[in-house]
Amino acid sequence: MKAIFYSTKSVERELLIKVNNKKHEITLVSNALNAETTDYAKEKDAVVVFTNDDVTAPVICKLSALGVKYIATRSVGIDHIDRAAAEKCGIKVANIPAYAPQAIAEHAVALALALSRHLVQADQQCHQFNFSLDHLTGFNFFGKTVGIIGLGHIGTATASIFNGLGCRVLGYDIKQKKLTNVESVDLDTLYRESDIISLHTPLLPDTIHMINETSLLKMKNGVMLINTARGDLIKTTAVLDALKSKKIGYLGLDVYEYERGLFFEDHEADDVRDALLSELMNYPNVLISPHQAFLTKEALEEIALKTIDILDNWSKITENVIIKAI
Ligand code: NAD
């Protein structure tokens, strides 16, 4: 099978080539998929994308016209792909249903611990030889209540870590889930009782902006909010207001509502910077990472293996169709 991989990063290219082991004719480009870069997919059977690629209807139409039959994403989340448009064009779509959920769970907890203990400020101070303890007082996680929204692979793994820290863990999932050490509660109870809230739902029509003015009002004053799922789960302007009013005491983001075209690349030299993100970063109680929660050796390996698996399966289908036709 001939496949083009868009938005590949140096950290994954070698792995993809190794795991592919020359089975498929793969082309790896660093460019993102968008209306201007579809031509790279000429004569390819499959297009392999990542979370911030533009896989909207107009791009899918162009890919279809070029003869592309398959689109795979090297991610769990599939929200960036217009699946209805793909179906209309007869293009099959696949994602990686799960990979190393601990990678994302551990990053969520790392953000929470770093925020609580002001580790970024402490490190910056120490580098200036300022070893003062002013402004560095944290809080213990032991005994605190953590609310996990979305109890899938990652939410469950996150709950286990918080359990290990001695937290009471509340969980809410749209599907009834019974987990040991997680108290299933409704969303309002979770908002009302949690000291720390961590988001782990996919981005869906009913989860877009689930953190907004109304849900924020239901939370404890000074709540810690962690988002390693998708940026659009949070209405950023509402969260900025909540930071100003101190409703939110700590904010940890690995994903950002307007991250497309920004995250995964170096924009240090840009003349104009994203104003909302810049405003967020002015707060010392906000910690941002560039959508790196998945970025562990173990997760990258699993992503590479499972992506090549998808191509293997599709080539079997293609071979069967050719054999039948003969
Ligand atoms: P999953 O499918 O295993 O779990 C998602 C859970 O959310 C399911 O249990 C589902 O029932 C629940 N859910 C769906 N709609 C809901 C709603 N309205 N309210 C409450 N719960 C709801 O997925 P996962 O592997 O745990 O991944 C979760 C998300 O994390 C992904 O969709 C992706 O967006 C994000 N993610 C981020 C990174 C990163 O690097 N930052 C990496 C991988 C995944």
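Small disclaimer: the values here were computed from a predicted structure and weren't measured. Atoms within a ligand are numbered from 1 in the order they appear, just like the ligands themselves.
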Can you confirm, on distance only, whether ligand 1 has an N/O atom lying under 3.5 Å from any N/O atom belonging to [X]?
{"X": "Ile154", "answer": "yes"}
{"X": "His153", "answer": "yes"}
{"X": "Tyr99", "answer": "no"}
{"X": "Asp173", "answer": "yes"}

Any idea which atoms of ligand 1 are less than 4.0 Å away from a heavy-atom of [X]?
{"X": "Leu204", "result": "15 (N)"}
{"X": "Ile104", "result": "38 (C), 42 (C), 43 (C)"}
{"X": "Pro202", "result": "5 (C), 7 (O), 13 (N), 14 (C), 32 (O)"}
{"X": "Phe294", "result": "40 (O)"}
{"X": "Gly150", "result": "7 (O), 21 (N)"}
{"X": "Arg230", "result": "33 (C), 34 (O), 35 (C), 36 (N), 37 (C)"}
{"X": "Tyr172", "result": "19 (N), 20 (C)"}
{"X": "His291", "result": "39 (C), 40 (O), 41 (N)"}

Given the protein's heavy atoms, is any one of them under 4.0 Å from atom 34 (O) of ligand 1?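 Looking at atom 34 (O) of ligand 1, one finds that a protein heavy atom does lie closer than 4.0 Å.
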Among all protein non-hydrogen atoms, which one is nearest to [atom], and what is the separation to 0.1 Å?
{"atom": "atom 37 (C) of ligand 1", "answer": "Thr228 O, 3.1 Å"}
{"atom": "atom 29 (C) of ligand 1", "answer": "Thr201 O, 4.0 Å"}
{"atom": "atom 31 (C) of ligand 1", "answer": "Val76 CG1, 4.0 Å"}
{"atom": "atom 18 (N) of ligand 1", "answer": "Thr207 CG2, 3.3 Å"}
{"atom": "atom 4 (O) of ligand 1", "answer": "Gly152 CA, 3.2 Å"}
{"atom": "atom 28 (C) of ligand 1", "answer": "His200 O, 3.5 Å"}

Can you see whether [X] engages [Y] through a side-chain donor-acceptor pair at a distance of less than 3.5 angstrom?
{"X": "Asn285", "Y": "His118", "value": "no"}
{"X": "Thr307", "Y": "Arg74", "value": "no"}
{"X": "Asn212", "Y": "His209", "value": "no"}
{"X": "Glu193", "Y": "Thr145", "value": "no"}

Is the shortest distance from a heavy atom of [X] to ligand 1 less than 4.0 Å?
{"X": "Leu203", "answer": "no"}
{"X": "Ala229", "answer": "yes"}
{"X": "Lys177", "answer": "yes"}

List in chain and number order the residues that pass side-chain hydrogen bond (donor to acceptor under 3.5 Å, both in side chains) with His135, two or more places apart in sequence or in another chain; answer none if no residue qualifies. none
From [atom1] ([X]) to [atom2] ([Y]), nearest 0.5 Å:
{"X": "Phe139", "Y": "Thr137", "atom1": "CZ", "atom2": "OG1", "result": "12.5 Å"}
{"X": "Thr37", "Y": "Asn34", "atom1": "OG1", "atom2": "CG", "result": "4.0 Å"}
{"X": "Tyr99", "Y": "Glu302", "atom1": "OH", "atom2": "CD", "result": "9.5 Å"}

CA sep, side-chain torsions, deciding dist, call: Lys247, Glu213, salt bridge (Lys or Arg N to Asp or Glu O under 4.0 Å): CA-CA 11 Å; Lys247 175 58 130 182; Glu213 292 86 350; over 6 Å; no
Looking at residues at least two apart in the chain, or sitting in another chain, which of them share a side chain to side chain contact (heavy atoms under 4.5 Å, CB included) with Glu259?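 For Glu259, the residues satisfying side chain to side chain contact (heavy atoms under 4.5 Å, CB included) (neighbours in sequence not counted) are Asn52, Val255, Tyr256, Phe263, His291.
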When hydrophobic residues are tied together by side-chain contacts of less than 4.5 Å, even through go-betweens, does Ile226 share a cluster with Met219? no
For Lys88, I'd like to know if atom NZ has over 12 heavy atoms of other residues, nucleotides or ligands within 6.0 Å. no
Would you say CD of Glu265 has more than 12 non-hydrogen atoms from neighbouring residues, nucleotides or ligands within 6.0 angstrom? yes
Part of Ile174 with heavy atoms under 4.0 Å of ligand 1, whether side chain, backbone, both or neither: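 Both the backbone and the side chain of Ile174 come within reach of ligand 1.
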Checking side chain to side chain donor-acceptor pair (under 3.5 Å) against His80, which of Asp54, Thr56, Asp53, Thr73 comes through?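 Single side chain to side chain donor-acceptor pair (under 3.5 Å) partner of His80 among Asp54, Thr56, Asp53, Thr73: Thr73.
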